[in-house]
Structures are given as C-alpha cells and as structure tokens.
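Here the structure is laid out as structure tokens; the discussion comes afterwards.
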Amino acid sequence: MSGKTKNDQELRREEELHYFEDAGINPYPYSFDKTHKNQVILEKFDDNNAELFADVAVAGRIMSIRRMGKASFFHIVDDTAKLQIYFKRDDLPDFYDNLKMLDIGDIIGVNGYVFRTRTGEISVHARNVVLLCKSLTNLPIVKEEIDENGNKIIYDAFSDKELRYRKRYIDLIVNSHVRETFIKRSKMISFIRRYFDDKGWMEVETPVLQPLYGGANARPFVTHHNALDIPLYLRIALELYLKRLIVGGFEGVYEISKNFRNEGIDRTHNPEFTMLEIYVAYKDYKWMMEMVEELISKLAIHINGSSSVEIEGKQISLASPFKRVKMFDLFKEYTGFDLQGKSREELLKIAGELRVPIDPQASSMKILDEIFGAKVEEHLIQPTFVIDYPIEMSPLAKKHREEKGLVERFELFVNGKELCNAFSELNDPRDQRNRLEEQARNKAAGDDEAMVVDEDFLEALEVGMPPTAGLGIGIDRLVMLLTGETSIRDVILFPTMRPEK
RNA sequence: GAUCUCGUAGCUCAGGAGGUAGAGCAUUUGACUUUUAAUCAAAGGGUCGUGGGUUCGAGUCCCGCCGAGAUCACCA
C-alpha cells in the first residue's frame, strides 16, 4: 500500500478483507480452473444446447452489482467480454451472506450453469463462488446502456486523459474501447511478423545502445556506460545495423522495436516509438511499393474486416494499388511552381511568394521540406506514394537511375501524414561517404539533427552490399490509422509523461 | 520551447454578482429470490492542484509554482 491517506471507501475495503480472513477465507488464493472465457459462453450458448454448459467455471473482475435481497446480479469481465452472474440465496447457502462483502473491482471465480434470464441475457447461475482477489481501491464506475437502436450509451465515462495515461491499468479495466485498441495493435504487429516470416525474411535484433547514432535526422538521447567510460546513444533508427546484416549475407531482415528521439511531445510524437524497418536484397523501391500496398491493404482487412477506414470524419480506402506521384509533380500541382533544379535563392523567393515562412538560413532541402509541409501534405488524404526525392534530402538513398539530382525514394502519405519511408538503398561506398561527409559539414555548421559519419558502416559498404530495398514504417501511426485514434498516446500503453510532483 | 484552456467528493460534472460547497453514479443502512444506467427510503463522504497576495471574508479576483489538454515550432 502507498502511504497515501485512505478514504472511507478504501478503509471499508480493508475491513471487508479482514472479514474474509477472519472467516477463514484466503482473499488472495493461488489459482482457479476456468473452463470458459466469457465470450465463448456468450457466443456458443443457445437455448438448445444448455446441457453443454451445465457445469462451467468462469472468472473475472466484478464490474457491476445489483442486489435484490435474496438474489443478486453481478457482471464480471474477463479479457474477452462482460458476463452476468446470477446468485440465488437458496443455491448458495454458505456464501450468499459473503456476497455483500464483495465490491466492484474484486476478482471472483464462479462455478455454475449457463441460462438465459427472463429479460434474455445469457448468464451463469452460480453454484459456487470463490474470492480470487480483493481489490483495495475503488474503480471509476462506468455505466453502459444499449438504446433501442442498439447503440451503446456510456454514462460517467472515465475520461480524464491525465489519469487515463498515468493509470492505464484502470483505463483498460473500465474503458472497453481502450482494451480493443490495444488488442488491435497487438494483432497488427503479429500479422506483420507473420507476413514477413512467411516470405522468408528474418526478424533480428540490433543494438539499442550505440556508440554512434545514425539512420535518421534527429537528436538522440545520450547515456553513459560506466565500465567502458564512454557515451552511448539510444538509437534513433534501425537502418545502419540492418544494412550491415544485408552485407553479412542475410537477404531479408526486419526489426520491430523502439526508437528514441530527444524531441518534443505532441499528438503524433512520443519520445520512444515503435519502428518497423525491413531490408530485402536484390530489390528496389518499385518492388517495395508493391509490397507495402499488399501489406497495408491485407492488414486493414485482417484488423477491421474492411480496407476502408474512417478517420477524423474522412473515408479512406486502403485498397491496393495506391496513387504514385513524383514529388516535384506535387509541387507543380499544389503551388504552381516547378521547383526541380532550383537554386537556394530561387527557392527562397518562391517560398516568399507562397507565403511559407522560412528561416533565412535554411538549406534548399529545408525550404523544399517546408513548402511540402505547408502546401502539399494536407492534400494527400487517400494513400499516396510520393516518389523521387531530391538527393540532398535523402543521404542514405541511391541516386535515381534516370533523373539527375533525385534519389529513388518514396514516402507513403495517408490522411496528410507520413506513414512510411523507403528507398533503393545506397550501396556505392564512395557516394555514401561523400553524402555522410556533407551531413557532417551541416552538423558542424549548426544542424544538430544532421547525421554523423559512421566509419564502420562505410567499411561495411566497402565489403559490398547487394542492391537492396529498405522500408521504415512508424507502427504507432499505422495503429492510429487503423483504429481511428488521433493521438499517439491513445495507441501507446504507457506514453511518456512528466512525473507527478 | 511559445500561446491558449483546464485542475471542485472514488468517477463524471455544476457553482462562478467574492459570504467557508452541490448533483448523478459509487459507498453505508433498510426493503426486494430473473435484475440490468435495477428501483424505493435514509445516511456518510470535500484543507475546491499547490504556495502567496488583495479583502472583514476567496473554490470564486491577482501573482508564482506543479500537472494536464489543445494549437504552434521541431520531428516519425
């Protein structure tokens, strides 16, 4: 127990705990043999097969109590559904009086038979009850009603976001849609794993603690290793180690794990977030686009039963294929300017005409990025592959096979937000060295998100990496898309919070 | 990091002409052996985020601090 002062309800629960102990009932027993999940009973029971449900054992947390004198109705919830339990005094001579010492939040196990009540609800008629865990704090009471149209009306929802995120275990208990969101998240990740594994690509684990960070433009977290007495960085991307593995001879590797970026927190950013990266040898970005289309459209159907999702009131179709548009064609379409091959000064002038505010020190890459963010992104509601980026924006991508000054890269945008980033991976070590050195110069000039030169990575490329297609997907944002959530904190179980004081 | 908004009982909220707090649910007691936002009757529960100021008097006005949300900046 915390040292917090207990309120009257918490004190009463302690008294009830002692009541059970004094009665020789262990309030924290060791196990309970369940025969059925609640959902199975609700789905499989019908009035003609009652004999199959004549002796069931169910268990779960008490969520509501209706005492009617010599009969009582509780709802218990397990990890599948809410189920009603009927207690009749005559059938529970030994335990019925103990029922009033049970509270919302306690966990019980019940043996009994399944039946349908007069009002039609499938329920378990209890023959035996065991207390499995006494709860010492009171939960928020959320009541639900199904109206005549079958819509669920929720009363007194537990909705304080701060409490919900800090006390996620309570959020999960009382808000069933929250539990569903995280079940979907888990299903999505296992679907992706299965999809990749079936193709013969291998899941790997690469260092989280890295002597040099790389693979993205971001500010890292720094920590210190005592025995080695060196700084170590928490990874900002998976890329450079996964490519080393392609050099090492694996032909398809992927990793799904946390990245850490020392930046602001908002509706779409959490300092630690889950990234998927995959690298497949002998493939290019065109192949990767087809893979992404298939993966995402199949995933949507697997998760939601439909390739169409509604988010922020917009209907979005994730059915394959997705639109593909060259980045500079999008600039033409939404700004009226052809920005390809323009000098920094020309871009600065155009940004001014478009009324896009730009830091006068900004590089041309930065200016393009700003204009894209301000003028183009918002139009990319339906899934759109934006392809062929300027070389300065993509230091790890391979030069375009036809167009000078561009690289073979795509980003997938959905609902105006970037979901994936991919390229034909740069495997010419000389070109890669030049580009990283350029990054290092930018860093020296004050760009604290620019990349650093990783000599070991360059040596790996000198050993030789086959042509390779690489892809990164922000899993949290993919979950947001498929669950309709608009805040990343609603798809991360324990989002980063400032500590309470 | 900036701006705006918010922080009242276990939960959801009301109060805001400054006069030391209200509702519903939850809890307690009683009635009720198929109820379901169960119902009916009665009762208990709050140093109104925190520290200071103005005032005879502050949940209410002012300032600092803590925490949160939204928008923006940066990014995925």
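Since the model is a prediction, treat every value here as computed from it, not as a measurement.
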Give the rounded distance in Å between these two atoms: [atom1] of [X] and [atom2] of [N].
| X | N | atom1 | atom2 | value |
| --- | --- | --- | --- | --- |
| A:R89 | B:A31 | CZ | P | 10 Å |
| A:D91 | B:U34 | CG | P | 12 Å |
| A:K100 | B:A26 | NZ | C1' | 19 Å |
| A:F73 | B:U35 | CZ | P | 6 Å |

Is the shortest side-chain N to carboxylate O distance from [X] to [Y] below 4.0 Å?
| X | Y | answer |
| --- | --- | --- |
| A:K37 | A:D79 | yes |
| A:K258 | A:E272 | yes |
| A:D147 | A:K152 | no |
| A:D47 | A:R116 | yes |
| A:E310 | A:K314 | no |

Expressed as a whole number of Å, how far does the [atom1] atom of [N] sit from that of [M]?
| N | M | atom1 | value |
| --- | --- | --- | --- |
| B:C62 | B:A26 | C1' | 37 Å |
| B:G67 | B:G51 | P | 16 Å |
| B:C48 | B:G22 | C1' | 12 Å |
| B:A38 | B:A31 | C1' | 14 Å |
| B:G24 | B:C40 | P | 11 Å |
| B:C61 | B:U55 | C1' | 10 Å |
| B:A17 | B:A37 | C1' | 37 Å |
| B:G59 | B:U50 | C1' | 14 Å |

_Does the plane of the ring in A:F372 sit parallel, tilted or perpendicular to the ring in A:F331? Use 30° and 60° as the thresholds._
perpendicular
Any [X] side-chain N or O less than 4.0 Å from OP1/OP2 of [N]:
| X | N | result |
| --- | --- | --- |
| A:R498 | B:C66 | no |
| A:R116 | B:U34 | no |
| A:R66 | B:U35 | no |
| A:K70 | B:U34 | no |
| A:K143 | B:A26 | yes |
| A:R164 | B:A68 | no |

Looking at every strand, decide which applies to [X] at a 4.0 Å heavy-atom threshold: base, sugar-phosphate, or nothing.
| X | result |
| --- | --- |
| A:H125 | nothing |
| A:R267 | sugar-phosphate |
| A:R12 | sugar-phosphate |
| A:D160 | sugar-phosphate |
| A:D147 | nothing |

Nucleotide opposite [N] in a Watson-Crick or G-U pair, distances under 3.5 Å:
| N | answer |
| --- | --- |
| B:U34 | none |
| B:A23 | B:U12 |
| B:A2 | B:U71 |
| B:U50 | B:G64 |

*Would you kindly say whether A:S394 and A:R409 are connected by a side-chain donor-acceptor distance under 3.5 Å?*
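Short answer, yes.
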